[in-house]
Amino acid sequence: MRGLLQARIAADGPLGFADFMASTLYHPDLGYYARQVRQVGRAGDFFTSVSVGPLFGELLARRFLRWWQAAGTPQPWRLIEAGAHDGTLAADILAALGSLHPTAFAALDYVIPEPLPRLQATQREKLQPFAVRVRHLSNPAALASQPLPGIAFGNEVLDALPFHLVEWQGDGWHPCHVGCGPNGAFCWDTALPLTDPALAAALAPLGTAFPDGYRTEVRTGYGAFFAPLLAALSSGMLLWLDYGFARPDYYHPARQQGTLRTFSRHRAAADPLLDPGVSDITAHVDFTAVAETAIALGCRPLLFRNQGGWLTEVARDWLLAMEGKPDAGLLRQFQTLTHPAQLGGRFHVLELACNDPAPTAISAADHHRLAMAW
Ligand SMILES: C[S@@+](CC[C@H](N)C(=O)[O-])C[C@H]1O[C@@H](n2cnc3c(N)ncnc32)[C@H](O)[C@@H]1O
């Protein structure tokens, strides 16, 4: 990876950070996510809600079923999981759907868009018991000719999409490029002007009230990521779970060094130039930008809540069914997923309706929360 990046910089000059990140994570042979599959979990580099246990998948399945019933039990229907990684969440969701509602399960087209061959092979193996319901595609654009009602969703995938890094220097924003010193070490180059019109447009709403040297991240790829997913749904929802903030919190002047983190062996660090291809690179999600992009593509925000509140509501029937016969292991999973000091407060959920034929009403509380966010 190091040699490949050095050669690119020698040939083309400093690399934009989004380009650098796309190569280090997703280069088809050498990228962090392409080389191995054990990043998530105790033996890997970081935990996600999926690593907590199968309850997370079961609760997502319950939310999907609630949508399916409200949509008039369409048959067939479709779930598209982006960022399915090793297939664990898909297996948990499919197992729960199969036992909760065999009719919905039998009518389901579960699609995993997965560009990386090694991950796709791992998913196929893990999802063998559900093979009749699951399809793997290298590119979700292939679904546009047969759209179905359904939901496109992902857990911790938006934070893994490449982002630009920018620095405020008094006269305006400067993109951070990655150069290479005479000793071969990678270094920052913030001298190049801002020439990318998409990046300039994404920076415009942030304003100008930032201290010199303020660094932050901006993603311009949400539209390209959502468009094929939306084309695959005749009606339904986008549903994203991730860490992040609404724009006013994200770009607060006090957050001077942004949210970029690298993860390796459960250690967080902040220098993505040290070991490209060896550590994960991530930054929080600007949910306002996500919503604005989806709205521009015809979606309508339904809800933006923290994961704790959202899962607690989704789990209502599950919690009632457990009354009198509590399962300590499952309740521990529920607490980890929902407690404000654990995953419940740090993660947020954004639901957006797409092509809804009979627009779903949203509650006054959700309306208020959405209005606060954008
Ligand atoms: C942080 S991991 C999360 C994995 C899993 N969803 C979980 O919650 O445990 C991010 C995953 O998103 C995948 N990913 C990133 N960009 C993607 C894209 N454009 N299409 C499909 N998967 C993508 C990565 O390959 C990786 O498997």
Side-chain angles (χ1 to χ4, degrees), residues 2 5-6 8-10 12-25 158-223 242-264 267-276 278-293 346 348 372-374:
R2 204 162 256 288
L5 293 166
Q6 286 164 338
R8 278 190 68 192
I9 294 169
D12 303 332
L15 281 177
F17 186 74
D19 228 1
F20 174 85
M21 178 174 169
S23 287
T24 61
L25 295 189
L158 300 184
D159 74 84
L161 297 180
F163 49 82
H164 300 275
L165 207 55
V166 289
E167 187 174 282
W168 181 260
Q169 290 183 2
D171 59 336
W173 291 108
H174 287 248
C176 301
H177 285 77
V178 180
C180 191
N183 57 357
F186 298 111
C187 54
W188 294 113
D189 181 340
T190 56
L192 294 166
L194 176 58
T195 52
D196 176 348
L199 178 56
L203 288 166
L206 307 194
T208 57
F210 298 99
D212 269 8
Y214 182 98
R215 266 196 192 193
T216 192
E217 314 86 19
V218 177
R219 287 188 181 84
T220 52
Y222 292 129
D242 224 309
Y243 36 84
F245 314 105
R247 183 173 291 145
D249 287 340
Y250 198 124
Y251 299 105
H252 193 282
R255 202 184 297 286
Q256 296 216 17
Q257 292 303 310
T259 69
L260 186 157
R261 294 286 176 275
T262 63
F263 280 94
S264 181
R267 281 229 183 88
D271 186 352
L273 307 188
L274 266 187
D275 254 335
V278 175
S279 309
D280 189 23
I281 303 176
T282 171
H284 281 44
V285 172
D286 169 4
F287 278 103
T288 307
V290 172
E292 285 175 352
T293 307
R346 204 150 47 86
H348 282 79
M372 300 284 285
W374 49 83

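Both backbone and side-chain heavy atoms feed into the values below; hydrogens, waters and symmetry mates do not.
- Between atom SG of residue Cys180 and atom CZ of residue Arg2 there is a gap of 8.5 Å, rounded to the nearest 0.5 Å.
- Of all heavy-atom pairs spanning Pro276 and Phe20, the tightest one is CB-CZ, 3.9 Å.
- Arg261 contributes atom CZ, which lies 12.5 Å from atom CG of Asp159 (distance to the nearest 0.5 angstrom).
- Electrostatic pairing of Arg255 and Asp249 does not count as a salt bridge here, judged by no charged N lying under 4.0 Å from a carboxylate O.
- Atom CG of residue Asp19 and atom NE2 of residue His164 lie 9.0 Å apart, to the nearest 0.5 angstrom.
- With hydrogens and angles left out, the side-chain atoms of Thr262 and Arg267 include no donor and acceptor closer than 3.5 Å.
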Walk me through it: do Thr24 and Ile281 pass the test side-chain contact (heavy atoms from CB on, under 4.5 Å)?
-> CA-CA 9 Å; Thr24 61; Ile281 303 176; 3.6 Å; yes
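- Annotation for Ser279 and Ser264: closest pair OG-CB, 3.7 Å, computed over non-hydrogen atoms.
- Annotation: side chain of Arg247 is in contact with side chain of Pro205 (closest heavy-atom distance under 4.5 Å).
- For Thr190 against Gln169, the heavy-atom pair with the smallest separation is OG1-NE2, 3.4 Å.
- The heavy-atom pair separating Leu5 from Leu15 by the smallest distance is CD2-CD1, 3.9 Å.
- A heavy-atom distance below 4.5 Å is not found between the side chains of Met21 and Pro272.
- Not one N or O on the side chain of Asp275 forms a donor-acceptor pair closer than 3.5 Å with the backbone of Val278.
- The CG atom of Asp212 sits 8.5 Å away from atom CD of Glu167, with the distance rounded to the nearest 0.5 Å.
- Across all non-hydrogen atoms, the minimal contact from Trp173 to Leu206 is CZ2-CD1, 4.2 Å.
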Test log, rule side-chain contact (heavy atoms from CB on, under 4.5 Å), inputs Trp188 and Leu165 = CA-CA 10 Å; Trp188 294 113; Leu165 207 55; 3.3 Å; yes
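- Considering every non-hydrogen atom in both Pro175 and Val166, the closest pair reads CA-CG1, 4.2 Å.
- Counting only distance, with no hydrogens or angles, the side chain of Asp242 and the backbone of Leu158 share a donor-acceptor pair below 3.5 Å.
- With ring centers used as reference points, Phe287 lies 6.0 Å or more from Phe245.
- Judged by distance alone, with hydrogens and angles left aside, the side-chain atoms of Arg219 form a donor-acceptor pair with the main-chain N or O of Leu161 at under 3.5 Å.
- Put simply, CZ on Phe210 and CD on Gln256 are 10.5 Å apart, with the number rounded to the nearest 0.5 Å.
- Rounded to the nearest 0.5 Å, atoms CG (Leu260) and CD (Glu217) are 5.5 Å apart.
- A heavy-atom distance below 4.5 Å is not found between the side chains of Thr220 and Phe163.
- At least one donor-acceptor pair under 3.5 Å links the side chain of Gln6 to the backbone N or O of Gly184.
- Remark: the Thr259 side chain and the Tyr250 side chain contain an N/O donor-acceptor pair separated by less than 3.5 Å.
- Side-chain contact check for Asp286 versus Tyr251: some heavy-atom pair is nearer than 4.5 Å.
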